[in-house]
Number of protein chains: 2
Amino acid sequence: MSETYGIPRPSLRRLPIYYRHLIEMAERQVPYVSSKDLGQNAGVPASQVRKDLSYLHEYGRPGVGYDTKALAGYLEEFLGLANDKEAILVGVGNLGRALTLYPGFAQYGLQIIALFDIDPAKIGQTVGDREVLPMFKLVDLARRLKVQMGIITVPPHAAQEVASAMVSGGIKVIWNFAPCKLTVPAEVLVKSEDLAAELAALSHHIMRRSQVLAPATE
Amino acid sequence: MSETYGIPRPSLRRLPIYYRHLIEMAERQVPYVSSKDLGQNAGVPASQVRKDLSYLHEYGRPGVGYDTKALAGYLEEFLGLANDKEAILVGVGNLGRALTLYPGFAQYGLQIIALFDIDPAKIGQTVGDREVLPMFKLVDLARRLKVQMGIITVPPHAAQEVASAMVSGGIKVIWNFAPCKLTVPAEVLVKSEDLAAELAALSHHIMRRSQVLAPATE
DNA sequence: TATACTTTGTGACAAAAGTAACAAACGTTG
DNA sequence: CAACGTTTGTTACTTTTGTCACAAAGTATA
C-alpha cells in the first residue's frame, strides 16, 4: 500500500535524479540516454532505472536508449515541476531564511509567497523581497490564496501548533524541518526532514568506523 | 547487504526518533516507556519498535516496558551521540550558515570546527565564532586535526571538487547537501540530503492531489 | 541481407522490510 | 496465591523492493 498513484515510493524518489541528468544531457545536445548512463549517475543498476521508467509507460528504443528531451519533458510533467506551486514558510530563523532563498526550489516551480514568525522583532523584516508576517494572518491568507504547501522551520515545541494552523488554512502538504512528529488529519501529507536524526544515524557510522579502524582490543 | 554493522538501515534511522522520545520522557520522570508509546510517537507500530530494539540486545521487561533512562543511555552510546565528532563545512552560503548555527547538531555531539569557502569576499568573515578559511587550507587542516566529517553546502557544479579535497584530507564521512552525485573511494561514506529532489517528489503529490480533488473529466 | 552489437522491457527470483500473532514474563488486585 | 490485564521477544508470514537474465527490438557494418 506504499504505492503512490501506481508508482512505488522509492522509484518516485529516484525520478528527480534521473530528471536532473536528463536535463544536463539535453543541454549538452545528447539526443539519447541509456539506462546504464542514468543508472551510473544515480548510483543504481541499469535494470533499476528501466524498471522505474517502466512504471511511467514511457518507452525507450532498444539499441538506442531513451529520447533525452522527450523523457525529460515527460518526467517534468509527471512530477509537476513546470506547474507553479505556492508555499508559505513559518519560522524565519537561519534555516527558514536559507530555504526561502534556496535557488533550487524556484527551478522546480516552488514559490514561497509568504513568511511568518511569532517573534515580533522579525515581523516586518524582509527576506528576499518577502515581508515577514505575524502568525495571526496565516490561516486567512492560506485560505484566500489556496496555498498548496506549508514549510515548517520552527523549533520543535512550536511545530505542532504551526501545523494545526496550516491545516486550518486548508494546506494539504506540509514539509516539516522541525525534529518532531506532527499529528494531522489523514488527508494531509507530512514529509519530515529530520536533520538531527540523520546526523544521529551518521554518528553511528562514524563511531563504528573508528572502532573498526582502531586496533582490536580482544 | 544494506545492513549496517548488524542493524538494518531503516531501523537505524528510527533509533534517533525513539531516543528523542525517551529523553523527553526521562525529563518528565517517567521511569518506563512501552513499545506502544514509542511507536505512537514515531508513527510506527509497536511491533516495529520491539523488532528494532531487539537488534540492539537491550531488553525491556514484559508487562512494564523499557527502562527510560537505561534505554536512552544505551541508544546514546550506540549512536555515539555523547562522543564529540568534529566536522568541517564547505560553502558558507545561506544553507551553510544555517547548518553551522543549527542548535540541534551540538546536542548530538557534532562540532563544526572550521568553515571554508571559495569566495574571497567571504574569507575572513565569521559565522558563530568561526572564521571562514580559504579552500587551500582544507586538506592540511583536515589531516592535522583528523576531522571525521565533511559537510558540503556548495552549488552542485563545485561539489565533486570539494568532496575530492575532503577525501584527500582523510575525511571518511561526507554529508552532502548539493543536489548531485559524488564519486568517492569505497571506504568513504556519502550521505546526500537532496532537498530539490525531495521537493520534486512532493511536487508529484501536490499535482496528483489537485487532480483528484478536481471534478472528474471523463 | 546476414551478422554482430546494443539496449530495452519484463517476468522470475531474491532480499529486505514491515506486520501480525502468540507464548512467556511480569505486575496487580482481590 | 490465583486470576487477570499488560507488555515483551520472537517466529512466521506478507508485502515491498531490488536484482538478474533473457527474448525481442533496434542499429551498424560488411
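What's counted below: heavy atoms across the whole structure, side chains too, no hydrogens, waters or symmetry copies. Residue numbers begin at 1 in each chain, while the letters A, B, ... track the order of the sequences. Since the structure is predicted, the reported quantities are computational estimates derived from the model, not experimental observations.
For A/Tyr66, there are no side-chain hydrogen bond (donor to acceptor under 3.5 Å, both in side chains) partners, not counting sequence neighbours. Shown here are the salt bridge (charged side-chain N to carboxylate O under 4.0 Å, His left out) partners of B/Glu161, two or more places apart in sequence or in another chain: there are none. The side-chain hydrogen bond (donor to acceptor under 3.5 Å, both in side chains) check on A/Arg143 picks up nothing, with sequence neighbours excluded.
Between B/Arg9 and the phosphate of C/dA17, there is no side-chain N or O to OP1/OP2 separation shorter than 4.0 Å. Of the side-chain N and O atoms in A/Gln48, one or more sit less than 4.0 angstrom from OP1 or OP2 of D/dT19.
Sorted by first and then second residue, the pairs that involve residues 166-195 of chain B and meet ring-ring contact (aromatic ring centres under 6.0 Å, His included), not counting sequence neighbours, are B/Phe105-B/Trp175, B/Trp175-B/Phe177. The side-chain hydrogen bond (donor to acceptor under 3.5 Å, both in side chains) contacts involving residues 82-109 of chain A comprise A/Lys85-B/Ser203, where partners must be two or more places apart or lie in separate chains. Evaluation of the side-chain hydrogen bond (donor to acceptor under 3.5 Å, both in side chains) test over residues 68-82 of chain B, restricted to residues two or more places apart or in two chains, returns B/Tyr19-B/Glu76.
Annotation: proximity of residues 193-202 of chain B to DNA chain C (heavy atom, distance under 4.0 Å) is found for no residue. Annotation: proximity of residues 19-44 of chain B to DNA chain C (heavy atom, distance under 4.0 Å) is found for no residue.
Checked by atom type and distance alone, the side chain of B/Asp67 never pairs as donor or acceptor with a backbone atom of B/Tyr32 at under 3.5 Å. The backbone N or O of B/Ile7 lies less than 3.5 Å from no partner atom in the side chain of B/Ser11, so there is not a single donor-acceptor pair.
With rounding to whole Å, B/Tyr55 atom OH is found 14 Å from D/dG9 atom P. Between the OH atom of A/Tyr66 and the P atom of D/dA25 there is a distance of 16 Å, rounded to whole Å. The separation between A/Asp52 atom CG and C/dT10 atom P is 13 Å, rounded to whole Å. What separates CZ of B/Arg13 from C1' of C/dA17 is a distance of 14 Å, to the nearest Å. What separates CD of A/Glu58 from P of C/dT10 is a distance of 13 Å, to the nearest Å.
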Below 3.5 Å between N/O atoms, which protein atoms pair up with nucleotides 20-22 of chain C? Just atom names and distances, please.
from, atom 1, to, atom 2, distance (Å)
C/dA21, N6, B/Arg50, NH2, 3.4

Using atom names, set out every protein N or O paired with an N or O of nucleotides 26-30 of chain C below 3.5 Å, distance rounded to 0.1 Å.
from, atom 1, to, atom 2, distance (Å)
C/dC26, O4', B/Pro62, O, 3.3
C/dG27, OP1, B/Arg61, NH2, 2.2

Can I get a per-line list of side-chain donor-acceptor pairs under 3.5 Å for residues 44-51 of chain A, giving both atom names and the distance, sequence neighbours left out?
from, atom 1, to, atom 2, distance (Å)
A/Gln48, NE2, A/Asp52, OD1, 3.4
A/Arg50, NH1, A/Ser35, OG, 3.1

Please list every donor-acceptor pair under 3.5 Å in which a side-chain atom of residues 178-192 of chain A meets a protein atom from a residue at least two apart or in another chain.
from, atom 1, to, atom 2, distance (Å)
A/Lys191, NZ, B/Glu198, OE1, 3.4
A/Ser192, OG, A/Asn176, ND2, 3.1

Please assess B/Glu24 against B/Arg20 for the test salt bridge (charged side-chain N to carboxylate O under 4.0 Å, His left out), listing each intermediate value before the final yes or no.
-> CA-CA 6 Å; B/Glu24 202 176 315; B/Arg20 206 141 54 203; over 6 Å; no
